[in-house]
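None of these values were measured; they are calculated from a predicted model. One-based numbering along the sequence shown.
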Amino acid sequence: MVHRPYIVGNWKMNGSRALLAEARAIDRGAARYKDVAVALAPPFPLIGLLRDEVSAIGVGGQDCHTAPKGAHTGDVSAAMLADIGADFVIVGHSERRRDHGETDALVQAKAEAALAAGLGVIVCVGETLDERDAGHAEAVVTRQVDASLPTGDGVAEAATLGRLSVAYEPVWAIGTGRVAAVEDVVAIHAVIAARLTARFGDAGAKVRILYGGSVNGENAAALLAAPGVSGALVGGASLTADAFLPIVAAAGTGEL
Ligand code: PGA
């Protein structure tokens, strides 16, 4: 079974209760595209509120701690996210790697904590512009995939169930309006797919590989139709239903 395309909105540090109206509109719209899995990851304070407002879409966090609980002021555990009704969590976003010095090893531990808490997990990878210009994009992404993905007994099963995704987000394409060329996306997704198969065997082929970085209603169809692209992680264009739903529509076969 091939999993449905996965369109995930990452609200980053944006939104207030007023934006829940957009989440409701996104939920109503997404319900018309049953062949697309749609989700939103709002900031922590909105997760529980948003969960109560939606029924067709998944709800997730943008980060979690590696430990289930304890003396970690300001942090939120995967178990807490699960407790308030989250379905998944994003880990290793480049903004966290940059702003919080997150290493591959830390991202891996967070991904393992997420799976242990029963959440799905989206592990983000992607090269910087300097790394791409130096011809190192494939090597950087390979290293990140190898070192950031969760290990352990349940991981292949999570992959088979569609609870493990990788998001390829070239850092230079995030929030810049500069979307990666489709052929470059295809090339890196193929590298990621090969690493996943090497690591998880057949289960590796069930891991959805999302593209992220300046995805919008205009460029989504071409990106989502590209071989090896099984969804999108969307930042800026996920904040309103008007911007986000065309991306959902581009992933589906039409209203069902
Ligand atoms: P963007 O962000 O769509 O605003 O470029 C994508 C992301 O960082 O997930």
Side-chain angles (χ1 to χ4, degrees), residues 5-31 33 36-65 74-78 80-100 102 107 110 114 119-124 126 165-169 171 173-177 179 208 210-217 219-220 223 231-251:
Y6 195 22
I7 305 297
V8 182
N10 169 15
W11 280 6
K12 307 191 178 185
M13 200 171 72
N14 296 296
S16 60
R17 281 185 290 179
L19 211 63
L20 295 173
E22 293 296 334
R24 280 194 297 275
I26 288 169
D27 187 58
R28 278 195 304 276
Y33 297 92
V36 184
V38 180
L40 289 175
F44 289 135
L46 295 178
I47 292 175
L49 296 167
L50 200 150
R51 169 84 282 167
D52 291 343
E53 300 276 351
V54 300
S55 55
I57 65 172
V59 181
Q62 301 169 14
D63 178 49
C64 66
H65 197 272
D75 278 312
V76 171
S77 74
M80 290 170 172
L81 293 174
D83 183 53
I84 56 163
D87 310 293
F88 74 98
V89 62
I90 299 165
V91 297
H93 192 283
S94 62
E95 288 154 12
R96 294 210 56 89
R97 291 178 186 260
R98 179 195 69 202
D99 295 350
H100 301 273
E102 294 197 4
V107 173
K110 290 182 173 198
L119 296 175
V121 64
I122 300 172
V123 180
C124 300
S165 305
V166 175
Y168 168 54
E169 299 203 304
V171 175
I174 295 176
T176 58
V179 67
R208 282 183 284 214
L210 317 180
Y211 168 77
S214 297
V215 176
N216 60 37
N219 59 33
L223 289 161
L233 184 55
V234 184
S238 69
L239 291 168
T240 65
D242 280 352
F244 194 52
L245 289 174
I247 302 171
V248 174

I'd like to check the side-chain contact (heavy atoms from CB on, under 4.5 Å) partners of Asp87; sequence neighbours left out, ordered by chain and number.
Arg51, Val59
Report yes if some heavy atom in the side chain of Val38 is under 4.5 Å from a heavy atom in the side chain of Tyr6; otherwise report no.
no
Asp27: partners by salt bridge (charged side-chain N to carboxylate O under 4.0 Å, His left out), with sequence neighbours left out
none
Answer yes if the side chains of Glu169 and His93 hold a donor-acceptor pair under 3.5 Å, and no otherwise.
yes
State whether the side chain of Glu22 and the backbone N or O of Ala241 hold a donor-acceptor pair below 3.5 Å, judged by distance alone.
yes
Ser77 side chain to His65 backbone, donor-acceptor under 3.5 Å
no
For the student: nearest non-hydrogen atoms of Ala251 and Pro5, plus distance:
O-CG, 3.4 Å
Measure the shortest side-chain to side-chain distance between Glu102 and Lys110 over non-hydrogen atoms and say whether it is less than 4.5 angstrom.
yes
Rounded to the nearest 0.5 Å, what separates atom CG in Asn10 from atom CD in Glu95?
7.0 Å
Mind running side-chain contact (heavy atoms from CB on, under 4.5 Å) on Ile122 and Val166 for me, showing each step along the way?
CA-CA 5 Å; Ile122 300 172; Val166 175; over 6 Å; no
Do Leu50 and Trp11 touch side chain to side chain, with heavy atoms closer than 4.5 Å?
yes
Any side-chain heavy atom of Ile26 sitting closer than 4.5 Å to one from Leu40?
yes
State, yes or no, whether a side-chain contact exists between Thr176 and Ser214 at a heavy-atom distance under 4.5 Å.
yes
side-chain contact (heavy atoms from CB on, under 4.5 Å) partner of Pro43, chosen from Met13, Lys12, Gln62:
Gln62
Of all the heavy-atom pairs spanning Ile247 and Ala220, show the shortest one and how long it is.
CG2-CB, 3.9 Å
Would you give the length of the straight line joining atom CD1 of Ile174 to atom CG of Leu233, rounded to the nearest 0.5 angstrom?
8.0 Å
d(Leu210 CG, Tyr168 OH) to nearest 0.5 Å is 13.5 Å
Looking at every heavy atom in both Ala173 and Tyr211, which two are closest together, and how far apart are they?
CB-OH, 3.6 Å
Check Ile90 against Ala41 and note the closest heavy-atom contact, atom names and distance.
CD1-CB, 3.7 Å
If you measure from SG on Cys124 to CZ on Arg96, what distance do you get to the nearest 0.5 Å?
11.5 Å
Of Val76, Val121, Val89, which meets side-chain contact (heavy atoms from CB on, under 4.5 Å) against Cys64?
Val89
4.5 Å side-chain heavy-atom contact, Leu239 and Leu19:
yes
Closest contact, heavy atoms only, Ala30 versus Ile57:
CB-CG2, 3.6 Å
Taking the side chain as every heavy atom from C-beta outward, state whether Tyr33 and Leu245 have any pair of such atoms under 4.5 Å apart.
no
